[in-house]
Amino acid sequence: MIDLKAARKDPDHFRTALARRGAAQDFDALLAVDASWRELTERAEGLRARQKRSSKSAPSEAELAELRQLREELAEAQGDLARAETERNDLLITIPNLPDPSAADGMEEDDAQTLRTWGELPAFDFTPRDPLDLGSKTGWIDMARGARLSGSRFAYRIGDVALAEMALYRFTLDRLISKGFLPVLPPVLVGEQAMYGTGFLPTEESNTYHLEKDDLYLTGTSEVALAGIHADERLEEDELPARYVAFSTNFRREAGAAGKDTRGMFRVHQFDKVEMYVCCLPEESVEYHERLLGYEEEIVQALGLPYRVQNIAVGDLGAPAAKKYDIEAWFPVQGRYREITSCSNTTDYQARRLNIRFRRAGGLDYVHTLNGTGATARALLAMMENFQDSSGTVTLPEVLRPYGAPATLGGQR
RNA sequence: GGUGGAGUCGCCUAGUGGCCGAGGGCGCACGCCUCGAAAGCGUGUGAGGGGGCAACCCCUCCGUGGGUUCAAAUCCCACCUCCACCGCCA
């Protein structure tokens with residue numbers, strides 16, 4: 001969440017920044033509610049101070065009547081205050097992060113700014129085949145059986161495809177461990193606090209799977225569990241940056257994506273992902289964001305995928321993000337660049353909600369947090385589209401071989 | 001799932017209705033002592049919120065949420081976590 005105290009001091013700065021992502025009117029509503037909250041606070045605290053002074057010792061009979069009266073007044077004042085506080089917090093929790101000045105302007109996906117492109121687009125003298133059509137006897141993607149089992153948007157990855165995908169994750173994990181990330185296998189079922197803390201609730205409610213019976217949520221990314229590692233903790237300055245890399249299965253309802261990417265396993269309800277997460281000093285997050293992007297690019301380059309880097313428009317950012325870079329790989333069959341990784345600087349937005357602070361000379365302060373994709377199966381899909389030959393054989397990158405990937409996929413079936 | 005025990009200020013612990021938002025020890029910080037250090041002695045040492053130019057004042061927090069009372073760490077209820085044992089399962 002935003003820094004309310006700072007917002008009171010300099011409302012114009014906050015309003016201007018939030019206006020870029022269309023949140024100025026919510027911000028003004030918040031300020032108004034906050035003003036009345038402060039009035040009610042003073043009244044309730046004054047009454048409470050009176051009651052406490054009178055309760056230092058047993059009151060006389062005469063005082064008792066007066067104190068009973070005071071109790072009623074206090075209860076009323078506290079009730080008013082609680083209502084104002086709820087109203088204020090409900091608003092506060094929906095206000096998105098302040099965008100970074102260098103985040104691209106605009107409200108749409110198309111407003112993203114292309115920072116650079118890398119790699120050669122493949123030139124086919126045949127019509128490249130869709131990953132779904134590139135299976136062989138020894139390995140394939142099976143959406144039909146996935147649908148029979150679980151409905152649309154569920155994929156079986158079978159045989160060599162399964163091995164290739166696992167090799168991709170293990171390769172990525174190794175790369176990031178060598179950069180100093182600590183590997184984690186996290187829970188994927190989490191309580192409501194973690195979902196609010198990371199900012200997926202309340203804004204992404206419709207996209208999350210919720211288990212009513214146990215009141216637990218299936219996470220759409222291991223960012224949620226990784227952010228939770230240090231919730232309510234006070235870190236020492238020398239523990240920062242804390243860097244984690246997780247592998248987990250992720251669950252997304254994809255509400256609002258009806259009709260989009262319906263073929264194949266590009267957009268599915270359940271997918272696996274290697275994810276980076278960093279808690280760092282506030283003054284380091286901007287630089288760390290570039291580093292995370294750099295690690296992502298190294299991985300995509302090692303795989304040999306042509307890609308471009310997008311600076312996502314402010315209006316297209318998730319609520320917690322101040323700035324976001326996506327890497328979009330070239331998908332020759334789709335004929336366009338598509339997102340395969342995403343990394344965000346969430347500054348102190350999640351740290352405030354999750355209460356992750358660190359201690360240093362000046363006292364306690366909130367850490368900054370960042371997250372970024374290591375790899376998902378979309379990278380494998382991109383490899384299948386880019387690295388195929390006219391026989392439908394996909395040559396996988398050498399770097400994946402030590403991790404158990406077959407040399408090729410597809411071919412005769 | 002069942003039974004029993006426990007959750008207090010960084011750690012350990014005292015505390016069964018008002019003198020406790022909280023005592024003691026450890027740790028930590030500063031000072032004295034010392035050539036220096038240790039020991040010893042002294043002082044200080046949680047977080048959040050509101051008000052004030054400031055010194056400072058006020059409120060909240062004893063696992064969490066409710067309740068009783070003029071007054072709750074303390075009494076009552078529910079829940080959570082941890083430990084032990086039992087049952088069941090991987």
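Letters A, B, ... are given to chains in the order of the sequence lines, protein chains preceding strands, and every chain is numbered from 1.
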Starting at the 5' end of RNA chain B, which residue's closest nucleotide do you reach first, A:Thr41 or A:Arg50? A:Thr41

Which residue pairs pass the side-chain hydrogen bond (donor to acceptor under 3.5 Å, both in side chains) test when at least one of the two sits in residues 149-164 of chain A, sequence neighbours left out? A:Thr138-A:Asp160, A:Arg157-A:Glu165, A:Arg157-A:Asp272

OP1, OP2 of B:C70 versus side-chain N and O of A:Gln51: anything below 4.0 Å? no

Taking the P atom in each of B:G51 and B:U64, what is the distance between them to the nearest angstrom? 26 Å

Axial cation check for A:Tyr277 ring with A:Arg243, 6.0 Å and 45° limits: no

Choose from B:U60, B:A47, B:C70 the nucleotide whose nearest atom is closest to any side-chain atom of A:Arg357. B:A47

With both distances under 3.5 Å as the test, what is the Watson-Crick or G-U wobble partner of B:U74? none

Does A:Arg68 make a side-chain N or O approach to OP1 or OP2 of B:C70 shorter than 4.0 Å? yes

Quick check for you: to the nearest 0.5 Å, what is the distance between A:Cys343 atom SG and A:Lys323 atom NZ? 9.5 Å

Between B:G48 and B:C83 - C1' atom distance, rounded Å: 31 Å

Does B:C70 have OP1 or OP2 under 4.0 Å away from a side-chain N or O of A:Arg71? yes

Check whether the side chain of A:Glu45 and the base of B:G49 form a donor-acceptor pair under 3.5 Å. yes

Could you let me know what B:G36 is paired to, Watson-Crick or G-U wobble, both distances under 3.5 Å, or none if it's on its own? none

When the P atoms of B:G21 and B:C61 are considered, how many whole Å apart are they? 11 Å

Suppose you measure atom P in B:G66 against the same atom in B:C12; what distance do you get, rounded to whole Å? 27 Å

C1' atoms of B:A84 and B:U69, separation to the nearest Å: 37 Å

Mind checking if A:Arg359 touches a base, just sugar-phosphate, or nothing, with heavy atoms under 4.0 Å? nothing

Given B:C59, B:G49, B:C70, which nucleotide is nearest the side-chain atoms of A:Ala49? B:C59

So which nucleotide does B:A6 pair with, by the Watson-Crick or G-U wobble rule with both distances under 3.5 Å? B:U81

May I ask you to say what A:Arg43 touches in the nucleic acid, namely base, sugar-phosphate or nothing, with a heavy-atom cut-off under 4.0 Å? nothing

In Watson-Crick or G-U wobble terms, both distances under 3.5 Å, what is the partner of B:G44? B:C28

On RNA chain B, compare the nucleotides closest to A:Trp37 and A:Arg234; which residue's is nearer the 5' end? A:Arg234

Mutual orientation of the aromatic rings belonging to A:Tyr244 and A:His230 [parallel < 30°, tilted 30-60°, perpendicular > 60°]: tilted

Is B:C20 paired to anything, Watson-Crick or G-U wobble with both distances less than 3.5 Å, and if yes, which nucleotide? none

Using Watson-Crick geometry (N1-N3 plus N6-O4 or O6-N4) or G-U wobble (N1-O2, O6-N3), each under 3.5 Å, B:G87 is paired with none

Looking only at atom C1', what distance separates B:C9 and B:C20, rounded to whole Å? 13 Å

Quick check for you: to the nearest 0.5 Å, what is the distance between A:Arg378 atom CZ and A:Ile340 atom CD1? 9.5 Å

Please determine if a side-chain N or O atom of A:Lys5 lies less than 4.0 Å away from the OP1 or OP2 oxygen of B:G49. yes

When the C1' atoms of B:G23 and B:C62 are compared, how many Å lie between them, rounded to an integer? 14 Å

For B:G65 versus B:G5, give the span between their C1' atoms, rounded off to a whole number of Å. 22 Å

